[in-house]
Amino acid sequence: MKTVYTCFCTDVIHDGHLNIIEKARKKGKVIVGCLSDEALIRYNKFPTISQNERIRLYESLDGVQEVIVQNDMFYDDVIEQLKPDYVLHGDNWKEGPEKAIRNHVEALVKAYGGELIDVPYTYNETVKKIDLQLREKLAMPEYRRKRLRQLISMTPIVKVMEAHSGLTGLIVEKTVVEHDGTLDQFDAMWVSSLCDSTAKGKPDIELVDMTSRFRTIDDIMEVTTKPIIFDGDTGGLTEHFVYTVRSLERMGVSAVIIEDKKGLKKNSLFGTEVQQTQATIEEFSAKIAAGKHAQLTDDFMIIARIESLILEQGMEDALQRAKAFVKAGADGIMIHSRKKDPAEIIEFCDRFRKEDKATPIVVVPSSFNVITEEELAEHGVNIVIYANQLTRSAFPAMQQTAVDILKYHRAKEVDDRLMPIKNIITLIDEL
Ligand code: SPV
Ligand code: MG
């Protein structure tokens, strides 16, 4: 009997999947692959049910004889193991970043005389509705909020990109790239105080008030599903911070990061060039403890950001604070540096990890940008935040366009580097 393989990465079975199974069972024994969580989050939508639940769901389908876990999004592991006579997949993977996977699988099966069959994709009203319902489910506060903790346990390093508007949120939500034989995408969004303030033409000194910052979060949440880490600056007065925690939690934000400064906060990348005051260990520990006390769900995270390296207070001070803040209840530690060389960040992570194997470490490699995600993960980092790169890429492009239109008294000269009108009017999906 011939063997037929198809890989599923869905939480809900619809007509399209049933059609593939129907076609497959006519050709032989049907084996369904369940794409592992780790591969799924880089490739497709975040799962709303666990890997085991997906396996059970696929096993319950009529005509499916066996379900196996597929760990490699490019199929190498299962093809090597099964050498199926046929591999079936919806023909929607002939376009977009998934095309690379399709071409790779085609070459793999051809090599031993197997056959890849592209089944015409079923896209009816029911399928469309199921897709939308799944998206909506992921956008709901109770799903979105817990997703950061889930990601930390699912992937070696959680990749976070800055967003400060609906549009930048959409870029983080939808950008998927195929590169070096793998697909990749961002896991979460960082609502940076620097970029949120800059987008409003204001300095990053806690001037943009919380109501306005929440408005930004809401704009992003309206059009995305990925989890949000909020830059809470100093957290403000402890008496105010407890309300902020409640509001963020209720909105479905996953984490707030607060920094151990007090008084007039300036951006960390100024370092000691401006007057900035660090809170004492006792003061900041009390703020963290009050925030944890106010929190109602187990999902939300309060992450303590240590400014000792920024303010040149030394490694020992940074490590002592990290220990104290974890003791006060912090769910994670962010260590910041404005040096180009990542050495001090690496030293902190290695020494912190020696004593504390579990507490998540967060870094923001704006200055020490030579270090890769893989290297950071090797030193125990769990979350990497690209804190301002979208803003910094958009601003020079917009400024140059403004300069050139003024120079040439028309827009023709800049047109080549602009997005075509057709693309901008179709950029945003309509319901
Ligand atoms: C931000 O993005 O606002 C941050 C990170 O707080 S940094 O600008 O590096 O201080
Ligand atoms: Mg900030």
Side-chain angles (χ1 to χ4, degrees), residues 158-165 168-169 171-172 186 188-210 212-214 216-217 220 227-236 241 244 248 253-279 284 287 301-313 318 321 330 332-342 344-345 348 361-371 376 381 383-395:
V158 179
K159 305 152 188 270
V160 187
M161 173 53 95
E162 172 257 313
H164 57 268
S165 59
T168 46
I171 289 178
V172 186
F186 291 107
M189 295 172 277
W190 165 245
V191 180
S192 149
S193 67
L194 174 66
C195 299
D196 202 1
S197 306
T198 302
K200 295 176 200 319
K202 300 261 173 72
D204 181 18
I205 53 172
E206 296 188 277
L207 174 65
V208 178
D209 66 43
M210 263 318 153
S212 178
R213 306 272 329 268
F214 289 173
T216 303
I217 295 178
I220 295 169
I228 290 178
I229 305 176
F230 182 68
D231 177 358
D233 290 317
T234 66
F241 180 56
T244 305
L248 292 170
V253 170
S254 303
V256 63
I257 300 187
I258 53 169
E259 57 195 275
D260 59 352
K261 288 204 223 117
K262 63 179 180 184
L264 180 63
K265 185 223 84 151
K266 300 258 175 81
N267 186 276
S268 299
L269 302 174
F270 284 123
T272 51
E273 292 156 29
V274 293
Q275 174 67 36
Q276 309 208 56
T277 317
Q278 210 170 6
F284 200 65
K287 196 182 283 185
M301 300 172 76
I302 297 178
I303 298 172
R305 163 171 167 177
I306 295 165
E307 293 284 290
S308 305
L309 304 180
I310 294 283
L311 300 173
E312 295 173 11
Q313 295 303 302
R321 282 170 176 266
I333 292 293
M334 174 183 150
I335 183 68
H336 207 17
S337 162
R338 65 182 193 125
K339 296 228 164 91
K340 273 197 160 306
D341 183 343
E344 64 177 12
I345 287 288
F348 175 91
I361 304 178
V362 185
V363 298
V364 178
S366 304
S367 306
F368 47 100
N369 55 16
V370 290
I371 195 157
L376 288 169
V381 172
I383 301 179
V384 57
I385 299 178
Y386 299 99
N388 49 43
Q389 285 77 5
L390 291 189
T391 296
R392 285 165 60 209
S393 56
F395 187 81

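Bear in mind that the values here come from a model prediction, so they are computed numbers and not experimental data. Counting convention: from 1, in listed order, for ligands and their atoms alike.
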Original post:
Do any N/O atoms on D231 end up under 3.5 angstrom from N/O atoms on ligand 1?
Top reply: yes
Original post:
Under 2.8 Å from the Mg ion (ligand 2), is there an N/O/S atom belonging to D231?
Top reply: yes
Original post:
Would you find more than 12 non-hydrogen atoms of other residues, nucleotides or ligands less than 6.0 Å from K200 atom NZ?
Top reply: yes
Original post:
Any chance the side chains of D231 and S192 put a donor and an acceptor closer than 3.5 Å?
Top reply: no
Subject >> Minimum-distance pair of heavy atoms, taken over all atoms of G236 and E206 >> reply: N-OE2, 4.1 Å
Original post:
Can you find a non-hydrogen atom of H336 under 4.0 Å from ligand 1?
Top reply: yes
Subject >> Salt-bridge contact D233-R213 (side-chain N to carboxylate O under 4.0 Å) >> reply: yes
Original post:
Are R321 and D260 within salt-bridge range, i.e. N to O under 4.0 Å?
Top reply: yes
Subject >> Exercise: identify the closest heavy-atom pair between A188 and V172 >> reply: O-CG1, 3.6 Å
Subject >> Distance-only N or O hit between ligand 1 and S193, under 3.5 Å >> reply: yes
Original post:
Is it true that D204 and K265 have a side-chain N and a carboxylate O under 4.0 angstrom from each other?
Top reply: yes
**OP:** Specify the protein heavy atom at minimum distance from atom 8 (O) of ligand 1: its residue, its atom name, and the distance to 0.1 Å.
**Re:** N267 ND2, 2.9 Å
**OP:** Heavy-atom contacts with S268 under 4.0 Å: which atoms of ligand 1 show up? List them by number with element.
**Re:** 10 (O)
Original post:
Taking the non-hydrogen atoms of R305, is any one of them nearer than 4.0 angstrom to ligand 1?
Top reply: yes
**OP:** Under the side chain to side chain contact (heavy atoms under 4.5 Å, CB included) rule, what do L264 and T277 come out as? Steps first, then yes or no, please.
**Re:** CA-CA 8 Å; L264 180 63; T277 317; over 6 Å; no
Subject >> Within-cut-off N or O pair, L194 and ligand 1, under 3.5 Å >> reply: yes
Original post:
Does the shortest distance from the Mg ion (ligand 2) to an N/O/S atom of S193 fall below 2.8 Å?
Top reply: yes
Original post:
What's the shortest distance from atom 2 (O) of ligand 1 to any protein heavy atom, and which residue and atom give it?
Top reply: S192 OG, 2.8 Å
Original post:
Relative to the heavy atoms of A387, which atoms of ligand 1 are at a distance of less than 4.0 Å?
Top reply: 2 (O)
